[in-house]
Amino acid sequence: MFKRVLVANRGEIARRIMRTLREMGIESVAVYSDADKTSSHVRAADRAVHIGPAAAAQSYLSFERLLDAAKTTGSDAIIPGYGFLSENADFAQACQDARLVFIGPKPDAIRRMGSKIGARALMAAAGVPLAPAGKAGTVEEAVASAAQVGFPLLLKASAGGGGRGMRRVDEPSALPAAFQAAQRESERAFGDGSLYLERALSNARHVEVQVVGDEHGNLVNLFERDCSIQRRHQKVVEETPAPLLSEEIRQNLLRTAQLAARQVEYSSVGTIEFLLDHDGRFYFLEMNTRLQVEHAISEMVTGIDLVRQMIRSAYGLPLDFKRDDVKAQGVALECRVCAEDPSRGFLPRTGKIARLVEPGGPFVRVDSGVQQGSIVGSDYDSLLAKVCTWGPTREAAVQRMQRALHEYQIEGVVTNLPFLRKVCQEPDFVAGRYDTSYIGAHPNVIEQTPTSTQLAALAVAGYLNQKPQTRYREMPLSDWYLAGHPKR
């Protein structure tokens, strides 16, 4: 087995990977930028290497600095997690050329599925259902394709992901401006402005299937996840199994996902994503050739460590389980805790975490990349942590998530915790009735909720307004406590 592995990432995913490396007896090497000198993933590693300034292009996205750090530390392999270079075929090839193992799929698989246009062609050849789509190389071509595909439609970046380079267009007059905006964003984000357009499925569900394979021809699915609750086409709440899904549709999804993965001879952990309409028809969306943010909930219902399977597969070992022996037990949910303000369009926020209380208790998992005193900047993604809960039934898992989110306290930076609490209490979510239009259809969940600091200020102001001559030390204990002081 590998002796030392460099983790080419940061935050909660770096820490999560390091836990598995330690369990497998493999040394971990952290990399960090100027902004991450005191980050928790640096202290969690066996070794740490500084790789440059805060700007990701000069640190976490630099082939040269990452490969040099791996060679300097005598690492055998590099594992990227998700984001950054996890789906960069050129980086995977550069690792191989430097005689380092890339813990992930082969460069060819990443390249073939990295182009959404190319991936659609591959899936069509395999008989995987696709939503109506058309070419959009130019504005004129997009207009002609739109006439065939119909509205509403989505302009999508061929090299895209995470909602970047994507624009919804509801009428012909809006198409030219949307094309220019999507192309600019795609060029900035991916260095590739290639677009295509696809018919938008209104009120669809976003359901994905977890797949995992090895170099011995073993390729299995580990059931599905529902990721429909999204903001700006980015997932916020996920669960497995997908609620209110018939067994017939579920089995069709699982079989189709396996067919899609076999089409590219996949040999690592990956995800096949679908859109599911209200009539039970589903369509291929994309394949993520990497570990997913929400992989933890699949681990909770199957008992299988997906990072461990990635590492074994990259080393040339077979999967250490048989699919027939795996059963999905119970229900698991994940909420992404982010430094952002839902009431202002989920605008990212910055600050210093002055107080942090993470939830615990039976069947609660928190994958966190921050600690009390952490500085939350604007250089990287706003994700701070993921809180996951498991229960023998969906009702139990939801109730446990409600309790866990109630326990979760972060002060010093605005987060989406109030939003997550509202979602998990909202009747339609509790009943499992939701799709990708959920947030827009439930504006009450993004209404601003005062933070504990704001509540304390209101309590103090209210008391002082009532008794302007009263000394602060005479404040009742309840108000004193709200103001952030311990009871004395």
Side-chain angles (χ1 to χ4, degrees), residues 87 113-124 128-208 226-236 272-279 281-288 340 342 344-348 434-443 445-446:
E87 292 183 283
M113 300 309 287
S115 165
K116 302 300 185 290
I117 296 174
R120 284 180 58 89
L122 278 172
M123 295 302 102
V128 175
L130 301 167
K135 297 179 180 179
T138 64
V139 172
E140 293 74 21
E141 188 173 52
V143 170
S145 294
Q148 299 297 318
V149 172
F151 293 86
L153 58 81
L154 291 172
L155 281 167
K156 291 185 171 183
S158 179
R164 290 173 295 178
M166 184 186 297
R167 292 292 187 279
R168 179 186 169 103
V169 185
D170 293 303
E171 56 186 30
S173 62
L175 185 56
F179 179 93
Q180 299 295 342
Q183 189 173 64
R184 285 195 301 269
E185 186 175 27
S186 178
E187 288 174 345
R188 286 197 305 269
F190 313 110
D192 182 351
S194 302
L195 303 177
Y196 69 102
L197 57 81
E198 184 176 274
R199 182 68 183 270
L201 300 179
S202 300
N203 304 326
R205 294 171 64 182
H206 187 157
V207 181
E208 63 188 23
D226 195 311
C227 310
S228 298
I229 298 183
Q230 305 176 2
R231 44 80 166 122
R232 301 193 306 271
H233 303 290
Q234 296 175 332
K235 302 163 188 172
V236 186
I272 312 295
E273 308 208 6
F274 299 95
L275 287 178
L276 173 69
D277 69 19
H278 285 284
D279 294 322
R281 294 170 299 197
F282 57 86
Y283 306 92
F284 173 80
L285 182 61
E286 64 181 350
M287 181 177 188
N288 288 313
E340 61 188 21
R344 300 181 63 190
F346 294 91
L347 182 71
Y434 60 83
D435 54 39
T436 53
S437 67
Y438 177 86
I439 293 178
H442 297 81
V445 300
I446 60 175

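Values reported hereafter were calculated over all heavy atoms of this structure, with side chains retained and with hydrogens, waters and symmetry mates removed.
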Could you tell me whether the side chain of [X] and the main chain of [Y] form a donor-acceptor pair under 3.5 Å?
{"X": "D277", "Y": "D279", "result": "yes"}
{"X": "R281", "Y": "L275", "result": "no"}
{"X": "R184", "Y": "G193", "result": "no"}

[atom2] on [Y] to [atom1] on [X], rounded to 0.5 Å:
{"X": "F274", "Y": "Y283", "atom1": "CZ", "atom2": "OH", "value": "12.5 Å"}
{"X": "S186", "Y": "K156", "atom1": "OG", "atom2": "NZ", "value": "13.0 Å"}
{"X": "E208", "Y": "E286", "atom1": "CD", "atom2": "CD", "value": "9.0 Å"}
{"X": "F282", "Y": "L201", "atom1": "CZ", "atom2": "CG", "value": "13.0 Å"}
{"X": "H206", "Y": "I229", "atom1": "NE2", "atom2": "CD1", "value": "13.0 Å"}

If I compare all heavy atoms of [X] with all of [Y], which pair ends up nearest, and what's the gap?
{"X": "A146", "Y": "L153", "result": "CB-CD2, 3.5 Å"}
{"X": "L155", "Y": "A182", "result": "CB-CB, 4.4 Å"}
{"X": "N203", "Y": "S437", "result": "OD1-OG, 3.0 Å"}
{"X": "S145", "Y": "G134", "result": "OG-C, 3.8 Å"}
{"X": "Q230", "Y": "I439", "result": "O-CD1, 3.1 Å"}
{"X": "D226", "Y": "R205", "result": "OD2-NH2, 2.8 Å"}

Do [X] and [Y] come close enough that some side-chain heavy atom pair is under 4.5 Å?
{"X": "Y196", "Y": "K116", "result": "yes"}
{"X": "V143", "Y": "L175", "result": "yes"}
{"X": "F179", "Y": "L195", "result": "yes"}
{"X": "R164", "Y": "F190", "result": "yes"}
{"X": "L154", "Y": "L197", "result": "no"}
{"X": "D170", "Y": "F151", "result": "no"}
{"X": "M123", "Y": "R120", "result": "no"}
{"X": "P152", "Y": "R168", "result": "yes"}

Lys/Arg-Asp/Glu bridge criterion (N-O < 4.0 Å) met for [X], [Y]:
{"X": "K235", "Y": "E273", "value": "yes"}
{"X": "E340", "Y": "R231", "value": "yes"}
{"X": "E185", "Y": "R167", "value": "yes"}
{"X": "K135", "Y": "E141", "value": "no"}

Check: Under 30°, 30 to 60°, or over 60°: which ring-plane class applies to H442 and Y438, parallel, tilted or perpendicular?
Finding: parallel

Item checked: Donor on one side chain, acceptor on other, T436 and S228, under 3.5 Å -> no

Note to self: Show, in sequence, the C-alpha distance, side-chain angles and deciding distance for E198 and L285, and conclude whether the side-chain contact (heavy atoms from CB on, under 4.5 Å) test is met.
What the structure shows: CA-CA 10 Å; E198 184 176 274; L285 182 61; 4.1 Å; yes

